[in-house]
Amino acid sequence: MSGFCGWFSTGPAALTPAEMAAPLGAAHPLRSACHGLGAVALAASQGEASLYHQDGLLIVHWGERVDALARLWRTHGARACAALSGHFAFALLDETRGEALLAVDRCATRPLFYSMAGRSLLFSSSAEALARHPGAGADVDPQAVFDYLYLHAVHGPRSMFAGQRRLAPGECLHLQGGRVERIRYWRMRYTEQAVEAAPHTHLLDALSCAADAGGQPAAGVMLGGGAASALLARLLQRAAQGPVDTYAVGFGASGAGALAAARASARKIGARHHEQLIDAGDVADAVAALAQAHDAPCGDPGAVAMLFAARMAREDGHRRLHGALGAAALFGLGARYACMAQAHRYERLPGVLRQLLIEPLLFGPGAGLPAFARLRARIEQSLAPPALRLRRRNALLALGTANVFEPAFLELVDLEAPAALQEEAWWLAQARSAVNRAIDLELQGDLPCRIVPAFSAACAAAGVQAVLPYLDDAVVAMAARLAPGRKRGAGARRLFRQALREIGASPAPRAASAPVLPFGRWLQGDARLRALAYDSLSNLARRRILRRAFVDLLLARRLPEDPAAHGQTVWRLTMLEQWLARGRRPGSILETCREGSVSIAL
């Protein structure tokens, strides 16, 4: 893991930045600097990040051209963030002005956490590193645990640790005169119309710029069999003027189809292809590696494939791995929030047709016909508020929170908080169409808090650097201009196929399905994996987070009934316990104090 940490304060430091940086690991050289009001420490490879210390200005900057940031700060102050581009995260400490500025890029490709301890501003790109400081505190937030199981990730501004906060995409924090202000300097704004006749050419132009910028030697590409990763590999190959190495991972016998699709894509673009088929034993080993590298519980089982692809790239001598992450979020190829967009189609029908023909038929004389039951259910869903639609599809709510959690744990959390967070993000989106609102929901939550961290942690565990060209500013801007009708489903797939044909690479046949880790099925057939999951869930019961009866019911009955759905639940619970137990006292539980307050002891 790499990153930075530090503090800004008029008081004495309780801990040196070098001591805070211990969780960042020893794989990278540690550099530090300080002045009268603050100090920073940076653990990163040469060229990844930089330190700037001149005329009372101290900057730790993850990105390019820290000197340009220094000039912008001196002329524009906190407004400098809006003039920056690319992937970045930085902490700027100005001793002369007595001000500090923290910021992340428009997609928050690198996290940045902070905490106020009196008049001290503490910050780090790692929640673990920040928790080491006595002023930040190391208590796990029960609400964050609940949010993780509900949303599959801890969405900002919350962190796994109580008292910490995380910057959102396109957000900065400005400390001036003892006052802290969070500023949203950028937000995605959708034009809701196609401004170009051939959008695939604009996609090619934007992605080519990102590929040229990241097309350094010793880089591989993770190939998933879809058109987005194939297009990225082809453009990187064109930038390198030679074949690139592509990597694909399959899961057991069922993964042969996904590997075949990736192999066909690699053959059509002329890449040097590498693939690996992994089994349950490999997953058991991967769980420990991901828990160690991840800054929070890893709620994305896809991180297993990312880890093995990164390891293959490392073995071939690569130091960077490109991924097509972000394409699904930007262009509506993902399916998690598809219900939010699909449901609005009914509302676009003429009111006369709905009220005089469809609804009287389905809810009147035809209400008892089984053939209309499915259509009736979809209409009822379309009439429900957006938050309610997501609630109805939430796996945790389907199990029943009272059945899952200990009563003492439920007393500590707001059961409505994660749903309220999703609803707020839905209505704050700068878009009119349901398609773009659903995309924005993923860009604000799942992408920066679950998907990108999973890829970054997998690459860090393998010793390579994660590269995300689809989150380049030009590609993001192009996606914002694209008409909603060209996103999601057939429209998005057609866009990428046209782009591939434009550069002379015919699209490979579409894969029957995306590769999905069969965690639930493998749990039933592999003794080691089953023991790992059982021990993990049992420990969560001993912590008084989960009910013991729920653990027994989930593993003995529900999992065999539906391995796919409940296997995902077991994965998230297993990764939660593995993260809680990492480097902490064994046997720690959810303790109830004499006064009746409850906290998670680690």
Side-chain angles (χ1 to χ4, degrees), residues 87 106-109 169 188 190 199-211 213-214 220-237 244 246-248 258 261-262 265-266 269 300 302 305-306 309 321-338 341 435-436 438-448 450-456 466-484 486-503 505 507-508 510-511 513-515:
H87 298 171
R106 299 174 181 184
C107 293
T109 53
M188 186 91 146
Y190 303 86
H200 62 280
T201 61
H202 293 265
L203 172 61
L204 282 173
D205 291 341
L207 192 57
S208 294
C209 292
V221 186
M222 183 174 177
L223 207 59
S229 59
L231 178 61
L232 173 60
R234 181 68 182 89
L235 289 175
L236 286 169
Q237 185 166 276
V244 297
T246 56
Y247 301 91
S265 293
I269 63 177
D300 189 354
M306 299 171 190
L321 180 66
H322 290 73
L325 287 82
L330 287 168
F331 297 97
L333 296 170
R336 185 172 185 191
Y337 298 117
V435 171
N436 280 334
I439 288 173
D440 203 73
L441 194 61
E442 189 161 6
L443 292 177
Q444 298 301 316
D446 274 22
L447 186 68
R450 178 176 63 89
I451 301 172
V452 169
F455 187 57
S456 298
V467 186
L468 302 166
Y470 274 102
L471 297 183
D472 185 82
D473 291 346
V475 181
V476 173
M478 182 270 162
R481 297 193 305 268
L482 193 62
R486 294 185 180 272
K487 300 175 182 178
R488 291 193 62 256
R493 290 191 294 270
R494 188 181 307 111
L495 172 70
F496 281 90
R497 288 198 298 267
Q498 289 173 337
L500 278 168
R501 292 191 183 97
E502 182 75 15
I503 56 176
R510 184 186 171 195
S513 60

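From a predicted model like this one, the values you see are computed outputs, not experimental measurements.
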Verdict with reasoning, N436 to K487, per side-chain contact (heavy atoms from CB on, under 4.5 Å) | CA-CA 9 Å; N436 280 334; K487 300 175 182 178; 2.7 Å; yes
Start with the C-alpha distance between L325 and M306, add both sets of side-chain angles, then the distance that settles side-chain contact (heavy atoms from CB on, under 4.5 Å), and finish with yes or no.
-> CA-CA 11 Å; L325 287 82; M306 299 171 190; 4.0 Å; yes
Candidate pair M188 and L330, rule side-chain contact (heavy atoms from CB on, under 4.5 Å), full reasoning = CA-CA 11 Å; M188 186 91 146; L330 287 168; 4.0 Å; yes
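Under a 3.5 Å cut-off, the side chain of S229 and the backbone N or O of A324 do not form any donor-acceptor pair. A donor-acceptor pair under 3.5 Å is formed between the side chain of Q237 and the backbone N or O of I269. Of the possible donor and acceptor atoms, one in the side chain of H87 sits under 3.5 Å from a partner among the backbone N and O of L471.
Taking every heavy atom of both residues into account, A266 and T246 meet most closely at CB-OG1, 3.7 Å. Nearest heavy atoms, I439 versus A329: CG2-O, 2.9 Å.
Residues L495 and P199 have side chains in contact (heavy-atom distance under 4.5 Å, counting atoms from C-beta outward).
For the atom pair CG of D472 and CG of L207, the computed distance is 8.5 Å after rounding to the nearest 0.5 Å. To the nearest 0.5 Å, atom NE2 of residue H200 and atom CZ of residue R497 are 13.0 Å apart. Residue Q498 holds its CD atom at 12.0 Å from CG of L231, rounded to the nearest 0.5 Å. Going from atom CD of E442 over to atom CD1 of I451 covers 5.0 Å, rounded to the nearest 0.5 Å. A distance of 11.5 Å separates CZ in R486 from CG in L203, rounded to the nearest 0.5 Å. Rounding to the nearest 0.5 Å gives a distance of 9.0 Å between CG of L468 and SG of C107.
Between F496 and Y470, the ring planes are tilted. Angles from 30° to 60° get that label.
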